[in-house]
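One structure is given here, and the rest of the page talks about it.
Chain letters run A, B, ... following the sequence lines, proteins first and then strands; every chain starts at 1.
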Number of protein chains: 2
Amino acid sequence: MTRSDDDLGIRFLSAVARLNRWVNKHADLPVPHAQARLLSLVEEFGTARIGELAAADHCSQPTMTTQVQRLEAAGLLRRTADDTDARASLVALTPAGAAALEDARRARAAVFGPVLDELDPADREAMSRMVALTDDLLRRGREARETD
Amino acid sequence: MTRSDDDLGIRFLSAVARLNRWVNKHADLPVPHAQARLLSLVEEFGTARIGELAAADHCSQPTMTTQVQRLEAAGLLRRTADDTDARASLVALTPAGAAALEDARRARAAVFGPVLDELDPADREAMSRMVALTDDLLRRGREARETD
DNA sequence: TTGGGTGCATAGCTTATCTATGCGACACTG
DNA sequence: CAGTGTCGCATAGATAAGCTATGCACCCAA
């Protein structure tokens with residue numbers, strides 16, 4: 001890795017962090033940010049165990065237990081027994097949870113909307129590329145963990 | 001804004017959020033994440049008041065007060081009187097603070113380094129574009145606030 | 001001088017997150 | 001089958017991050 005790569009990496013990550021924070025702080029989410037993130041993850045999995053969610057969210061298992069409990073209490077997630085292992089349960093979205101997630105997405109998109117309106121095609125292409133790159137990176141990270 | 005723009009915006013923001021979290025969770029930072037962020041901001045300003053930092057960090061003033069107090073106690077920030085207003089003080093990095101920030105940057109770059117190594121020139125171009133876009137967006141956001 | 005606005009510290013609260021620990025369930029081996 | 005080691009998750013206790021409300025000193029304009 002060359003020096004200019006280091007710079008690009010650092011600058012890029014800084015930009016990602018700042019953009020993320022800007023959107024998060026300006027979006028009027030129906031649930032706290034971390035909870036919205038979890039709703040999104042559960043949607044992606046369909047149903048999942050707490051340990052799976054913790055790994056996917058890059059947090060500790062007790063953190064995930066607490067978050068699931070919060071969202072369950074709020075009626076946004078539900079738990080059912082896992083037939084294959086009595087120690088585990090399967091977490092899924094409730095209809096209210098799905099609605100809250102949709103609201104959260106809309107709120108985030110509303111913040112970014114005006115930005116999008118001013119972009120030219122090259123910017124959009126760059127964005128699509130970032131989406132693909134991130135999906136690829138995180139999928140690889142997940143597969144690497146699964147082979148450990 | 002068209003429907004496909006909505007999708008792009010949402011997908012892009014999701015990618016940004018996930019990438020940011022991945023890096024944050026995998027980087028071995030010398031200080032907690034929010035503190036590293038503040039060090040970076042103070043570096044950018046040179047010296048700044050608490051209110052300025054709060055606005056730039058998109059958080060409340062008391063939050064910023066607390067964070068500055070933490071970093072001051074840790075020897076990473078120092079405060080001096082603001083000659084122009086007795087209510088305010090000017091916050092600046094200490095040498096230890098600058099070193100910690102450098103360490104944090106190195107830690108983050110180290111996580112992303114292997115990703116960079118595998119990128120082709122089009123990906124790098126896209127990244128540079130994202131950096132410029134974000135800088136522009138946040139600068140405009142800041143200017144808009146200053147004219148309010 | 002007075003009154004209104006500003007800058008920041010404190011108070012009190014919620015959320016997010018961690019490591020350590022404990023317990024029951026599961027899997028494997030003899 | 002019994003014993004042992006591993007796994008999945010809940011709980012405990014702690015720190016960090018963040019918010020709104022409030023209070024006080026300072027600043028500025030009339």
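At least one side-chain nitrogen or oxygen of A:Q35 sits closer than 4.0 Å to the OP1 or OP2 atom of C:dA16. The shortest distance between the side-chain N/O atoms of A:T65 and the OP1/OP2 oxygens of D:dC9 is not below 4.0 Å. Side-chain nitrogen and oxygen atoms of B:R49 include none within less than 4.0 Å of the OP1 or OP2 phosphate oxygen of C:dT6. Taking side-chain N and O atoms only, B:T63 has no distance below 4.0 Å to OP1 or OP2 of D:dA17. At C:dC18, one or more side-chain N or O atoms of B:K25 fall inside 4.0 Å of OP1 or OP2 (strictly under the cut-off).
For the pair A:R21 and A:I50, nearest-nucleotide mapping onto DNA chain D gives the more 5' position to A:I50. For the pair A:H33 and A:P62, nearest-nucleotide mapping onto DNA chain C gives the more 5' position to A:H33. Where B:Q61 and A:Q61 each meet DNA chain C at their nearest nucleotide, the meeting point lying more 5' is that of B:Q61. Comparing A:G51 and B:A86, the nucleotide of DNA chain D nearest to each residue sits closer to the 5' end for A:G51.
Distance from the side chain of A:R70 is smallest for C:dT15 among the nucleotides C:dT15, D:dA16, D:dA10.
One atom, CG of B:D57, and another, P of D:dA16, lie 17 Å apart when rounded to the nearest Å. Counting to the nearest Å, the C1' atom of C:dT14 and the CG atom of A:L71 are 14 Å from each other. Straight-line distance from the CZ atom of A:R37 to the C1' atom of C:dA16: 9 Å, rounded to whole Å. When rounded to the nearest whole Å, the span between CG of A:N20 and P of D:dA17 equals 16 Å. When rounded to the nearest whole Å, the span between CG of B:L29 and P of D:dA16 equals 14 Å. Between the CG atom of B:D85 and the P atom of D:dC28 there is a distance of 7 Å, rounded to whole Å. Here the C1' atom of nucleotide D:dA16 and the CD atom of B:Q69 are 14 Å apart, to the nearest Å. Atom-to-atom, CD of B:E52 to P of C:dC8 comes out at 8 Å; the value is rounded to the nearest Å.
Aromatic ring orientation, B:F112 versus B:W22: perpendicular (interplanar angle above 60°, classes split at 30° and 60°). Using the six-membered ring where Trp is involved, A:H26 and B:H58 have ring planes that are perpendicular, over 60° apart on the 30 and 60° scheme.
None of A:D57, A:V31, A:L53 except one satisfies the side chain to side chain contact (heavy atoms under 4.5 Å, CB included) rule with A:L38; the exception is A:L53.
Within 3.5 Å, a donor on the side chain of A:R87 pairs with an acceptor on the base of D:dC7, or the reverse. Counting distance only, with no hydrogens placed and no angle test, the side-chain atoms of B:Q67 and the base atoms of D:dA17 include no donor-acceptor pair under 3.5 Å.
Ion pairing of A:E72 with A:R79 is present here, as a side-chain N (NZ or NE/NH1/NH2) and a carboxylate O approach within less than 4.0 Å.
When hydrophobic clusters are built by joining Ile, Leu, Val, Met, Phe, Trp and Tyr residues whose side-chain heavy atoms come closer than 4.5 Å, directly or via intermediates, B:V16 is grouped together with B:L116.
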